[in-house]
Amino acid sequence: MQKYDPGTIEPKWVAAWEAEDLYRADDEDTSRPKFYALDMFPYPSGDLHMGHAEAFSGGDAVARFALMRGHNVLHPIGWDAFGLPAENAAIKRGIHPKEWTYANIDQQRSSFRRMGMSFDWSRQFNTCDPEYYRWTQWLFVRLFERGLAYRKLAPTNWCPKDQTVLANEQVINGRCERCGTPVIRKDLTQWFFKITDYAQRLLDDVDELVDWPDRVITMQRNWIGRSEGAAVEFEIAETGDKVEVFTTRPDTLWGVTFFVFAVEHPLVMKLAEAGGTAAEVKAMADALQATPLTNREQAESREGVPLGVHVVNTVNGEKVPCFVAPYVLMEYGTGAVMGVPAHDQRDFEFARAHGLPIRVVVQPEGEPRDAETMTGAYDHEGVMVNSGPFDGVRSPESVGAVTKWLEEQGKGRAAITYRLRDWLISRQRYWGAPIPIIHCEDHGEVAVPEADLPVLLPDDVDFRLGGESPLARHDGFVNVACPTCGKPARRDTDTMDTFVDSSWYYFRYCSPDDTAEPFEPDRVARWMPVDQYTGGVEHAILHLLYSRFLTKVLHDMGMVGFTEPFPRLMNQGQVIFGGASMSKSKGNLVEAMPFVERWGSDALRLTILFAGPFGDDIDWKLIAPDHLHRRPAMNAWLGRVHAAVSEATERDASQPEELTRHTHRTIKAVTEALERFRFNVAISKLQVLTNGIRSTLERGEGARDAASALVQMLGPFAPFMAEELWRDALGNGKSVHVSSWPSFDPELAREERVTLVVQVDGKVRDRLEVDAAADEATCRELALASENARRFVDGRQVRQVIVRAPRLVNIVTSG
RNA sequence: GCCCGGGUGCCGGAACGGCAGACGGAGGUGCCUUAAAAGCACCGGCCCGAAAGGGCGUGUGGGUUCGAAUCCCACCCCGGGCACCA
């Protein structure tokens with residue numbers, strides 16, 4: 001008998017599967033139900049590491065399971081190939097980003113092949129291919145036409161190191177997500193996608209996400225950040241200017257004792273001049289402009305500068321002083337807030353710092369607060385006081401009552417504010433899809449006509465860092481005729497955020513060779529929505545939100561008939577090392593291929609999927625630290641499977657019923673575990689069955705049927721071993737991966753003999769073997785007759801006997 | 001601060017409210033081997049006990065229940081997300 005050698009088995013089947021075209025999704029076949037199994041496509045930076053191995057082992061198991069259950073499976077792969085890492089790596093190495101990117105893609109592709117992933121390779125594409133980004137640009141133009149792509153001067157997050165603007169989402173704790181450099185503020189004209197138009201729908205349609213992890217849904221909700229309240233109009237006493245504020249607490253309007261503007265508020269300089277404080281205000285504005293956003297955000301000081309003017313409190317006519325302070329942000333609400341120190345902690349601190357009055361207008365019942373002695377704001381429920389007509393009104397009703405009154409008085413209205421901002425998509429970098437816009441002196445922003453797409457990214461560009469987009473330095477790219485009038489004009493020199501590329505790639509897989517449109521609506525209708533999306537939780541917000549947004553836009557354009565692309569989402573955990581996330585810079589990145597070469601792809605998949613629940617993080621250091629020297633348990637198990645199955649096929653003896661029952665129980669358990677992505681549990685059941693087969697063989701009995709089922713169930717986890725045994729040892733002609741997933745007979749899956757646990761007062765005192773069909777009376781009788789139990793019952797009075805036939809009897813005594 | 005997760009042997013982890021620790025790892029003992037590795041067999045929560053057996057055990061404290069790792073309340077600790085959001 002031959003020993004298990006993955007090094008010869010695995011490459012052999014890679015070649016066979018490709019020759020047989022085993023994993024091609026069939027666009028025409030409607031006899032089988034479709035199943036779109038999507039894995040978040042990888043970024044081609046270096047070769048595959050253990051994080052890839054985890055994500056794709058899980059995704060591949062899902063796809064293979066669906067295939068064996070009779071689905072027509074679409075399981076595609078591609079590369080998210082534009083973006084900063086490629087550009088940075090290229091600058092560092094002095095080569096072209098294209099070269100670096102395509103080399104990495106080649107390497108990852110060959111590694112995926114070696115691992116035997118069940119991808120339909122005929123659909124592969126890269127987002128940096130002109131055939132792909134042509135359609136990214138096409139989508140940009142469609143959004144532009146619909147008013148969903150627009151340019152505005154905006155304070156941006158600027159990374160001084162990467163020399164580019166970052167989206168809010170790419171700023172982590174005030175630092176650049178990529179390089180960790182503190183981000184500073186810079187006002188630039190930028191392209192945005194108007195995702196805020198879809199804020200409410202993005203929130204509402206969360207209901208259509210039938211199977212997403214709760215935490216991801218929560219993150220999406222928090223990111224959209226809907227707040228309900230009121231918009232109230234105030235008037236500046238000295239100038240008559242009107243100012244609107246948003247508040248979630250209109251019931252505290254009578255407690256307003258001051259008013260604060262953000263420095264960027266359009267009225268600020270005018271008011272400062274009127275109030276005679278222009279110099280101080282200008283100084284503060286300049287200081288803030290030069291201050292990195294980090295410092296501004298972390299400032300806990302309540303500094304502020306008086307504007308020298310007053311605002312008239314809309315509800316009672318009182319005049320209160322106005323200030324400019326950094327704690328008020330132009331980006332949220334209206335950029336101006338009413339100061340209610342008694343009921344907002346920030347306002348409280350500001351009032352104390354500037355000697356402003358504090359007025360309690362909401363009193364907690366039972367323990368009234370006193371402005372003099374308060375040590376912090378009271379921001380909970382209570383009864384309104386000092387509030388004119390509203391004295392005595394209780395929260396939470398008070399908020400609605402005041403809002404209604406404001407509307408009647410024409411002083412305000414109910415309002416909703418979202419935390420979500422528009423999506424900043426322009427990048428002043430080279431390695432991305434050029435924005436297909438031409439700037440004409442006479443016609444402004446003109447979209448590149450569809451026939452002229454793609455706007456090719458020129459190869460001969462000096463892409464090293466500079467203050468502006470590298471494309472701006474390429475005259476041949478920049479200078480172009482206006483599509484409308486033909487006069488000399490300039491191309492837009494920004495490129496698109498890579499999140500734009502990745503927000504629609506799953507549509508392209510449905511018809512990847514389409515040269516007339518981004519995707520064929522009929523094919524998309526055929527394959528989408530995605531049946532199971534697998535990927536990392538690091539994309540819980542950005543990628544998923546953008547994809548959901550774009551799908552809704554395409555829906556509104558009449559191109560797709562659904563509004564959510566991924567109703568089911570599964571997040572794998574991260575593979576970490578020694579408690580820290582793996583990264584090249586930390587030097588703890590564990591690459592996948594050395595393991596594969598040494599012990600096989602099957603062993604790697606099993607090691608990772610067996611390590612714990614799929615959604616939990618895996619610490620490689622704890623799971624297989626010394627894997628290149630020590631034989632992994634999964635490789636050893638596969639060796640035993642190989643030996644046992646081979647032996648089972650050579651034996652004529654009949655299979656004992658006990659093993660048949662065990663097999664059916666295992667099929668049931670593994671099927672259920674796979675349906676819920678409980679790979680670790682499924683694999684453990686397969687190991688138990690292996691042990692059962694081995695002891696059966698040891699007793700000289702047969703195990704062919706059990707072995708056959710085991711091999712099939714191994715398919716999603718260890719595709720090579722399964723195939724080898726299925727075709728070679730078991731002698732089947734067609735691939736195990738297109739065989740029908742084994743079914744179980746519920747009658748056989750039920751245990752025949754079970755352990756009846758006998759408890760006395762809740763403690764286990766005996767275990768009896770009984771027929772699984774034993775009824776309540778029988779169990780009760782057997783339990784009461786048990787020697788071991790009686791030793792604890794004697795001398796006591798039996799008060800109650802709980803029977804859960806055939807598993808448990810609890811004899812409850814007293815005394 | 002707010003919002004999510006999660007605390008089970010030495011380790012990864014199992015466990016429809018009903019035998020806690022399945023299945024593995026690390027370790028130990030034995031077999032095989034000149035030897036090592038590999039393989040195979042057995043042991044493996046803690047305490048008492050020679051054993052039979054008993055007691056204690058799922059972060060802490062309480063509660064519900066015949067019965068709680070599991071349900072409820074409070075607290076402690078760890079991880080993640082958001083964070084001057086008006």
Side-chain angles (χ1 to χ4, degrees), chain A residues 3 172-173 213-223 225-227 229 245-249 252 260 262 296-302 325-329 331-340 343-347 349-350 379 417-421 537-538 540-541 574 579 606-607 610-613 615-619 621-626 629-634 636-637 639-640 643 678 680-691 694 698 754-767 788 791-792 799-804 807-813:
Chain A
K3 254 193 104 183
I172 310 295
N173 289 327
D214 287 343
R215 61 177 168 160
V216 176
I217 287 182
T218 306
M219 283 191 242
Q220 295 249 322
R221 280 212 177 97
N222 292 345
W223 194 259
R226 178 186 155 110
S227 286
V245 297
F246 172 75
T247 178
T248 54
R249 294 294 304 275
T252 64
V260 194
R296 183 176 175 186
E297 276 168 4
Q298 284 164 4
E300 278 172 24
S301 77
R302 291 288 97 128
Y327 85 88
V328 174
L329 308 172
E331 297 85 44
Y332 185 78
T334 63
V337 302
M338 57 189 216
V340 187
H343 306 293
D344 180 281
Q345 187 59 26
R346 292 154 302 169
D347 295 348
E349 289 163 16
F350 190 82
D379 53 9
T417 295
Y418 299 90
R419 207 184 66 95
L420 184 70
R421 319 270 165 79
V537 73
E538 68 272 17
I541 299 174
Q574 277 188 65
L606 288 166
T607 300
F610 181 66
D616 289 8
D617 287 353
I618 292 170
D619 194 330
K621 200 174 177 183
L622 300 176
I623 287 304
D626 197 23
H629 303 291
R630 192 183 269 270
R631 186 180 187 187
M634 291 300 140
W637 172 47
R640 291 192 293 273
R678 290 164 53 82
N680 58 328
V681 177
I683 292 165
S684 79
K685 301 290 182 198
L686 294 178
Q687 292 179 327
V688 178
L689 181 61
T690 307
N691 296 342
R694 296 179 75 217
E698 240 165 68
V754 298
T755 306
L756 175 70
V757 172
V758 184
Q759 297 182 335
V760 177
D761 294 326
K763 285 190 197 303
V764 179
R765 296 303 180 186
D766 202 2
R767 297 182 174 92
N788 289 333
R791 290 189 7 238
F792 292 88
R799 224 169 23 136
Q800 197 183 354
V801 181
I802 310 275
V803 183
R804 291 286 177 271
R807 297 264 175 204
L808 177 129
V809 175
N810 189 8
I811 303 164
V812 186
T813 69

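Letters A, B, ... mirror the listed sequences (proteins, then strands); counts begin at 1.
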Inset, instruction - Please work out if Thr755(A) contacts a base, only the sugar-phosphate, or nothing of the nucleic acid, heavy-atom cut-off 4.0 Å. - result: base

Legend entry - 5′-ward residue of the pair Val812(A)/Lys763(A) relative to RNA chain B: Lys763(A)

Inset, instruction - Give one of base, sugar-phosphate or nothing for Asp761(A), where a contact means two heavy atoms less than 4.0 Å apart. - result: nothing

Legend entry - Nearest-Å distance once atom P is located in both G67(B) and G79(B): 37 Å

Inset, instruction - Using a 90° cut-off around 0 for syn, call G9(B) syn or anti. - result: syn

Inset, instruction - Tell me what Lys685(A) touches on the nucleic acid: a base, only sugar-phosphate, or nothing, going by heavy atoms under 4.0 Å. - result: nothing

Inset, instruction - Report which part of the nucleic acid Arg226(A) touches: base, sugar-phosphate, or nothing (heavy-atom distance under 4.0 Å, all strands). - result: nothing

Legend entry - Atom C1', compared across G27(B) and A15(B): separation rounded to whole Å: 25 Å

Legend entry - Straight-line distance of Arg804(A) CZ to Asn810(A) CG, nearest 0.5 Å: 9.5 Å

Legend entry - Between C10(B) and C48(B) - P atom distance, rounded Å: 16 Å

Inset, instruction - For Asp344(A), answer base if it contacts any base atom (sugar-phosphate contacts may also be present), sugar-phosphate if it contacts only those atoms, and nothing otherwise; contact means non-hydrogen atoms under 4.0 Å. - result: nothing

Inset, instruction - Tell me what Val337(A) touches on the nucleic acid: a base, only sugar-phosphate, or nothing, going by heavy atoms under 4.0 Å. - result: base

Inset, instruction - With heavy atoms under 4.0 Å as the rule, sort Ile802(A) into base, sugar-phosphate or nothing. - result: base

Inset, instruction - Measure the distance from CD on Glu698(A) to P on C40(B) and round it to the nearest whole Å. - result: 10 Å

Inset, instruction - Could you check whether Ala636(A) gets within reach of a base, just the sugar-phosphate, or nothing at all, counting any heavy atom under 4.0 Å? - result: sugar-phosphate

Inset, instruction - Would you please confirm or rule out a distance under 4.0 Å between OP1 or OP2 of G25(B) and any side-chain N or O of Arg630(A)? - result: no

Inset, instruction - Specify the separation, in whole Å, of atom CZ of Arg804(A) and atom P of U65(B). - result: 15 Å

Inset, instruction - Indicate, with a heavy-atom threshold strictly under 4.0 Å, whether Arg221(A) touches base, sugar-phosphate, or nothing. - result: nothing

Inset, instruction - Identify whether the distance between the nearest side-chain nitrogen and carboxylate oxygen of Asp761(A) and Lys763(A) falls below 4.0 Å. - result: no

Legend entry - G9(B) and G21(B), which share atom name C1', separated by this distance in whole Å: 7 Å

Legend entry - C11(B) and U58(B), which share atom name P, separated by this distance in whole Å: 16 Å

Inset, instruction - Would you classify Asn680(A) as touching base, sugar-phosphate or nothing, given that sugar-phosphate means primed atoms plus P, OP1 and OP2, and contacts are heavy atoms under 4.0 Å? - result: sugar-phosphate

Inset, instruction - Between G18(B) and A69(B), how far apart are the C1' atoms? Round to whole Å, please. - result: 13 Å

Inset, instruction - Give the ring-plane orientation class for Phe350(A) versus Tyr327(A), where under 30° counts as parallel, over 60° as perpendicular and anything between as tilted. - result: tilted

Inset, instruction - Specify the residue among Leu622(A) and Phe610(A) whose closest nucleotide of RNA chain B lies further upstream toward the 5′ end. - result: Leu622(A)

Legend entry - Spacing between Leu756(A) atom CG and G67(B) atom P, to the nearest angstrom: 19 Å

Inset, instruction - Return yes if the base of C82(B) and the side-chain atoms of Asn222(A) contain a donor-acceptor N/O pair under 3.5 Å, otherwise no. - result: no

Legend entry - Atom pair distance, as rounded to whole Å: CZ in Arg767(A) and P in G18(B): 15 Å

Inset, instruction - Find the partner of U33(B): check Watson-Crick (N1-N3 plus N6-O4 or O6-N4) and G-U wobble (N1-O2, O6-N3) distances, both under 3.5 Å, and reply none if neither fits. - result: none

Inset, instruction - Name the nucleic acid region contacted by Pro613(A), choosing base, sugar-phosphate or nothing; use a 4.0 angstrom heavy-atom cut-off, strictly under. - result: sugar-phosphate

Inset, instruction - Quote, to the nearest angstrom, the C1' distance that separates G63(B) from A50(B). - result: 43 Å

Inset, instruction - Check every strand shown and say whether Gln759(A) touches a base, only sugar-phosphate, or nothing at a heavy-atom separation below 4.0 Å. - result: base

Inset, instruction - Indicate yes or no: at least one non-hydrogen side-chain atom of Thr813(A) is less than 4.5 angstrom from one of Val760(A). - result: yes

Inset, instruction - Select base, sugar-phosphate, or nothing to describe what Phe792(A) touches, counting heavy atoms under 4.0 Å on all strands. - result: sugar-phosphate

